[in-house]
Peer 1: 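The structure's right below; bear with me while I get my questions together.
The first residue in the sequence is number 1, and the count goes up from there. Keep in mind that the numbers below use all heavy atoms, side chains included, and drop hydrogens, waters and symmetry copies.
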Amino acid sequence: MSTSLYAKPYTGTFTTQTIRLLWMGCYQGTMSVDSRNPTFNGALCDCIVNKTREKYTSQEVEKYQGATMQRKYTEIANQCRGELLFQTPRKEDMT
């Protein structure tokens, strides 16, 4: 998977531990649903965590716990799946 050359702005309110926990929870959840493609699941969770950091502060994520945040994560996951599935590899990634 290729990464963007341009950094996206994050809210800057998430601790490293919180980011790690969000990613681990995402990865464990995706692997329990479909363990056949751990590389895709990892990239999907990278995208979900990054978009979460872009859209929300850590306080908002804490506030929206439960079903509300789950709906938000599902929307983000669907967006990330679409981006990852239709991502065109860059020429330099293919060599």
Side-chain angles (χ1 to χ4, degrees):
M1 301 281 154
S2 63
T3 58
S4 173
L5 297 175
Y6 304 100
K8 295 181 180 174
Y10 297 120
T11 63
T13 61
F14 290 87
T15 65
T16 301
Q17 181 178 5
T18 300
I19 293 167
R20 188 181 304 123
L21 290 171
L22 287 171
W23 192 91
M24 281 181 15
C26 174
Y27 188 72
Q28 289 172 346
T30 59
M31 289 299 288
S32 71
V33 172
D34 184 1
S35 62
R36 294 173 293 171
N37 197 341
T39 302
F40 180 83
N41 289 343
L44 178 63
C45 291
D46 289 347
C47 179
I48 291 169
V49 169
N50 286 341
K51 287 191 182 302
T52 300
R53 292 169 62 203
E54 291 168 15
K55 291 182 165 199
Y56 304 104
T57 65
S58 62
Q59 293 80 15
E60 289 172 320
V61 169
E62 289 176 23
K63 181 176 117 184
Y64 296 136
Q65 287 182 15
T68 300
M69 199 62 214
Q70 188 59 47
R71 278 193 307 277
K72 293 177 185 300
Y73 282 136
T74 299
E75 291 170 11
I76 292 170
N78 289 336
Q79 181 181 2
C80 286
R81 262 190 212 92
E83 289 177 11
L84 291 171
L85 290 173
F86 296 108
Q87 189 174 52
T88 305
R90 298 179 312 168
K91 186 184 275 186
E92 59 267 24
D93 291 339
M94 299 177 70
T95 58

Peer 1: According to a 4.5 Å side-chain heavy-atom criterion applied to Ile, Leu, Val, Met, Phe, Trp and Tyr, with indirect links allowed, do Leu85 and Tyr73 form part of one hydrophobic cluster?
Peer 2: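 Yes, one cluster joins them.
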
Peer 1: With sequence neighbours excluded, tell me which residues meet side chain to side chain contact (heavy atoms under 4.5 Å, CB included) with Ser32.
Peer 2: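 Side chain to side chain contact (heavy atoms under 4.5 Å, CB included) check on Ser32 returns nothing, list empty.
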
Peer 1: Could I get the full list of side chain to side chain donor-acceptor pair (under 3.5 Å) partners for Ser35, not counting sequence neighbours?
Peer 2: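 Result, side chain to side chain donor-acceptor pair (under 3.5 Å) vs Ser35: none returned.
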
Peer 1: Report the residues that fulfil side chain to side chain contact (heavy atoms under 4.5 Å, CB included) with Cys45, sequence neighbours left out, ordered by chain and then residue number.
Peer 2: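 With neighbours one apart ignored, the set is Trp23, Cys26, Tyr27, Thr30.
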
Peer 1: Going by the salt bridge (charged side-chain N to carboxylate O under 4.0 Å, His left out) test, which pairs reach into residues 10-19, not counting sequence neighbours?
Peer 2: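 Qualifying pairs: none.
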
Peer 1: Under the ring-ring contact (aromatic ring centres under 6.0 Å, His included) rule, what pairs show up with a residue in residues 41-68, not counting sequence neighbours?
Peer 2: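 Residue pairs passing ring-ring contact (aromatic ring centres under 6.0 Å, His included), neighbours aside: none found.
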
Peer 1: Locate the shortest heavy-atom distance separating Cys80 from Leu44; write the atom from each residue and the value.
Peer 2: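 In this case the closest contact between Cys80 and Leu44 is CB-CD1, 3.6 Å.
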
Peer 1: For Thr57, give me all partners under side chain to side chain contact (heavy atoms under 4.5 Å, CB included), at least two apart in sequence or on another chain.
Peer 2: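 Scan of Thr57 (side chain to side chain contact (heavy atoms under 4.5 Å, CB included), adjacent residues dropped) gives Thr11, Thr13, Gln59, Glu60.
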
Peer 1: Tell me the salt bridge (charged side-chain N to carboxylate O under 4.0 Å, His left out) pairs involving residues 64-73, sequence neighbours left out?
Peer 2: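 Passing the test, one end in residues 64-73: no pairs.
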
Peer 1: Rounded to the nearest 0.5 Å, how far apart are OG1 of Thr18 and CD of Glu62?
Peer 2: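 Interatomic distance, Thr18 OG1 to Glu62 CD, rounded to 0.5 Å: 7.0 Å.
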
Peer 1: Establish whether Phe86 and Ile48 are linked, either directly or via other cluster members, by ILVMFWY side-chain heavy-atom contacts under 4.5 Å.
Peer 2: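 Yes; tracing contacts between hydrophobic side chains, which count when under 4.5 Å, links both residues.
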
Peer 1: Taking side chain to side chain contact (heavy atoms under 4.5 Å, CB included) as the definition, give me every residue that meets it alongside Lys55, ordered by chain and number, with sequence neighbours left out.
Peer 2: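 Counting only residues at least two positions away or on another chain, Lys55 forms a side chain to side chain contact (heavy atoms under 4.5 Å, CB included) with Ile76, Gln79.
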
Peer 1: Could you walk me through whether Thr52 and Phe14 satisfy the side-chain contact (heavy atoms from CB on, under 4.5 Å) test, starting with their C-alpha distance in whole Å, then the side-chain angles of each, then the deciding distance to 0.1 Å, before giving a yes or no?
Peer 2: CA-CA 10 Å; Thr52 300; Phe14 290 87; 4.3 Å; yes

Peer 1: Return each pair, listed once, that meets salt bridge (charged side-chain N to carboxylate O under 4.0 Å, His left out) where at least one residue sits in residues 16-37; pairs must be two or more places apart or across chains.
Peer 2: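 Sorted result for residues 16-37: Asp34-Arg36.
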
